[in-house]
There are 4 protein chains.
Amino acid sequence: MTPKAEQVPVLRADAARNRARVLQAAREQLAAGDDSLQLNTIARLAGVGVGTVYRHFPNRLALMEALSAERFRELVAEARAAADDEDALAGLHRLLRFTLGRALEDTGFASVLESASDTEPETAALKAELDRAVAQLLDRALLTGAVRRDLGPGDVRRLLCGIEHALRSGDYDEARRELYLDVLLEGLRPPR
Amino acid sequence: MTPKAEQVPVLRADAARNRARVLQAAREQLAAGDDSLQLNTIARLAGVGVGTVYRHFPNRLALMEALSAERFRELVAEARAAADDEDALAGLHRLLRFTLGRALEDTGFASVLESASDTEPETAALKAELDRAVAQLLDRALLTGAVRRDLGPGDVRRLLCGIEHALRSGDYDEARRELYLDVLLEGLRPPR
Amino acid sequence: MTPKAEQVPVLRADAARNRARVLQAAREQLAAGDDSLQLNTIARLAGVGVGTVYRHFPNRLALMEALSAERFRELVAEARAAADDEDALAGLHRLLRFTLGRALEDTGFASVLESASDTEPETAALKAELDRAVAQLLDRALLTGAVRRDLGPGDVRRLLCGIEHALRSGDYDEARRELYLDVLLEGLRPPR
Amino acid sequence: MTPKAEQVPVLRADAARNRARVLQAAREQLAAGDDSLQLNTIARLAGVGVGTVYRHFPNRLALMEALSAERFRELVAEARAAADDEDALAGLHRLLRFTLGRALEDTGFASVLESASDTEPETAALKAELDRAVAQLLDRALLTGAVRRDLGPGDVRRLLCGIEHALRSGDYDEARRELYLDVLLEGLRPPR
DNA sequence: CATGAATGAGTCTTCATTCAT
DNA sequence: CATGAATGAAGACTCATTCAT
């Protein structure tokens, strides 16, 4: 199996540049706290025609998923590293803390992460890949009795997004972030 | 203090009837799965002019909070009962399960419950009342070492809404509901 | 039977004024040879918000039909007069000439006149009324053997619009108008 | 001078193939009931770049006319045959019935047939050729007093398109087609 | 107080045409 | 010659809010 078959039909140089610009503009919008992702606005910010945005991303969701793709790749790498960790529980901690950070930084990513239905096939694939890695991690953690056996990777994903949601709905600081994360981690352990 | 210092100016009979109609229409919308709460639509459904809706509720949020008031009262009662329970932990369980059910039934209520800033003073008052009761409950539970000491009633409220969010973002059934609730309850206990 | 039950819920004075303005603006557009009937443009010309236009007329077609209503009333009157004419054939001539004139003046009216499917119930009603009057006229003309028996009022309507179409697709003058009309009238007579 | 007096520059093999593909795709669109003839869409269906379509056909109309050329050639042949018919009136009948069939099958052709202004010189030439043949036919029919003398070939063309329009605007069946055609043919005869 | 018509900024989306590759 | 990405003007439509009646 090749590491990754090109799923995209290879873009022309200028098309790729525009696509990147659009993604960049979208990222900046999100970072500025505007998660409406209006394709018109993005186009303007990207210095690109609206039509160009629509060509690359037929709607908000497609754009959001594209933005998430990169994050997902990072996450998959992290999850794999965690799955290779000697101490599975420690690996899980690290992975969840990392993911929480990303989700808090980027609402769009958080919503794609928790969503049950994806538009882009690539998103679905990445999510599946992530879930596989997490499943392995959970399996290993199970051996040492470090986590409940009735939770799958999808549950973990959603529960983490729940924590993220809880944080976001209040005024959260570093301490509360650790606190809620800890509540989750304790909750994932087998009940006493 | 009179048994009930009316904070709300007594309404004329017809005004009260209209207000009730609007609330009813809004509830039906939400029940029908439409949480956009467009004041125009509500007005039409309530058989009332838009202006009337605006008079009673200046915006979506105010309407949502009004809808939640009743739920809050119910919840406060439940929380007090729980605080009086012999077994504080059992009371907490009951309270959280009850709350989760309400939040899952009613998105609007869930969002008011988790929100940090309220528009209507009444909402703020009710939420404070709820938090007081929960604080008592937590205090009692602390005595038996049943919960962490670093969590306040606001945290519990938000964490529960996090769980609700996690459930809602997937296809949840009765079992998963219990499962996530259990994860939360375990997570609230003091770390081992 | 009252001559005409109010089918419209009686408009408020200002609403009626706006509706009239919109219709007027639309008429001017058509007269100016622009039959695109863009609701935005009409609104601007009428000095009225777009929303107002949309409230009164949900789409181009509804507007066009409303514009046609008045013409239809005129036409019905004409048709009834024709049906009462001593000389049925002469009445038919007059009616068709009159109708052709209106249709050539107003593309919108022509297209509503020939259309088989109407959006507004009022249009359908008026068209039916017209057809009834024409049917009477044809019946009377039949008695003197002045027209074919295999043509109904709908056929006559459409054939006339066909003539109108033929004229419009070339450069027509008064003479050609009479010529084509004559071709139609001769064609309506029973074959020799 | 190169051995190529063609008015149409000989196309390179691949260019010719592309042109044919575009025409084919356009025909299929029309057959599928979509008469918007969007050059982008046609290009996609033809498996060809938009630019290529534009090179061959600067706009919708040019494409439509090109599509009609073949039909015109057929029609000219038919008209000549009709002009040679012993019975001029019978020939005219046949020709009109044939033309009506084609026009009903193909909106694009109908509109080119009735149009007074053509974009492509080839279309103008073909239409002139057709009109010449019809003029001969009419002349011969005149000798036997079978048609009015005040109608030229252009009138006949347009009147036929009028009939086509009348049919198309209703639900037409075989019978109605014959009926309207008969109305036209009777109408073309000299008035009694 | 109630009404609901009016408003119009704002958003989404399409498509004919151009032009760099 | 062919390609198809890019363009962006233009049009359709919505909806929160105001205010004359």
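Fair warning: this is a prediction, and the values are worked out from it, not measured in the lab. These numbers come from the heavy atoms of this one structure, side chains and all, not from hydrogens, waters or symmetry mates. Reminder, nothing fancy here: chain letters follow the sequence lines and each chain counts from 1.
Nearest nucleotide to the C:H56 side chain, out of E:dA6, F:dT7, E:dA2: E:dA6.
Not counting sequence neighbours, the partners of B:S36 by the side chain to side chain donor-acceptor pair (under 3.5 Å) test are B:D34. Residues passing the side-chain contact (heavy atoms from CB on, under 4.5 Å) test with A:L61 are A:N59, A:M64, A:E65, A:T119, sequence neighbours excluded.
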I'd like to know whether A:I42 forms a side chain to side chain contact (heavy atoms under 4.5 Å, CB included) with A:Q38, so could you lay out the CA-CA distance, the side-chain angles of the two residues, the decisive distance to 0.1 Å, and finally the verdict. CA-CA 6 Å; A:I42 303 286; A:Q38 303 180 136; 5.7 Å; no

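Stem analysis of DNA chain F (at least three stacked-register Watson-Crick or G-U pairs, each with both distances under 3.5 Å) gives E:2-21 with F:2-21.
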Determine all donor-acceptor pairs shorter than 3.5 Å in which one atom belongs to a side chain in residues 106-115 of chain D; sequence neighbours excluded.
{"from": "D:D106", "atom 1": "OD1", "to": "D:G108", "atom 2": "N", "distance (Å)": "3.0"}
{"from": "D:D106", "atom 1": "OD1", "to": "D:F109", "atom 2": "N", "distance (Å)": "3.0"}
{"from": "D:D106", "atom 1": "OD2", "to": "D:R71", "atom 2": "NH1", "distance (Å)": "3.0"}
{"from": "D:S111", "atom 1": "OG", "to": "D:G108", "atom 2": "O", "distance (Å)": "3.0"}
{"from": "D:E114", "atom 1": "OE1", "to": "C:H165", "atom 2": "NE2", "distance (Å)": "3.0"}
{"from": "D:E114", "atom 1": "OE2", "to": "C:H165", "atom 2": "NE2", "distance (Å)": "3.0"}
{"from": "D:S115", "atom 1": "OG", "to": "D:S117", "atom 2": "N", "distance (Å)": "3.1"}
{"from": "D:S115", "atom 1": "OG", "to": "D:S117", "atom 2": "O", "distance (Å)": "2.8"}

N/O donor-acceptor pairs under 3.5 Å from side chains in residues 20-31 of chain B, not counting sequence neighbours:
{"from": "B:Q24", "atom 1": "NE2", "to": "B:E28", "atom 2": "OE2", "distance (Å)": "3.1"}

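Counting heavy atoms from C-beta on, the side chains of D:T41 and D:R44 come closer than 4.5 Å.
In this model, the phosphate group of F:dA5 is not approached by any side-chain N or O of A:T52 to a distance below 4.0 Å at OP1 or OP2. For the pair B:R55 and E:dC1, the criterion of a side-chain N or O lying under 4.0 Å from OP1 or OP2 is not met. The phosphate of F:dA5 has neither OP1 nor OP2 within less than 4.0 Å of any side-chain N or O from A:N18.
By the 4.0 Å N-to-carboxylate-O rule, A:K127 lies too far from A:E122 to be salt-bridged with it.
The separation between C:F57 atom CZ and E:dA6 atom P is 11 Å, rounded to whole Å. The CZ atom of D:R19 sits 13 Å away from the P atom of F:dC1 (whole-angstrom rounding). Here F:dG4 presents its P atom at 16 Å from CD1 of D:I42, a figure rounded to the nearest Å.
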Can you build the contact string for nucleotides 12-21 of chain E? Use B for base contact, S for sugar-phosphate-only contact, and - for no protein heavy atom under 4.0 Å. BB-SBBB---

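Comparing E:dC1 with F:dT21, their P atoms sit 22 Å apart, to the nearest whole Å.
Among B:T52, B:L67, B:L63, the one residue that satisfies the side chain to side chain contact (heavy atoms under 4.5 Å, CB included) test with B:F57 is B:L63.
Under a cut-off of 6.0 angstrom, the local environment of CD in C:E105 is crowded, with over 12 non-hydrogen atoms contributed by other residues, nucleotides or ligands.
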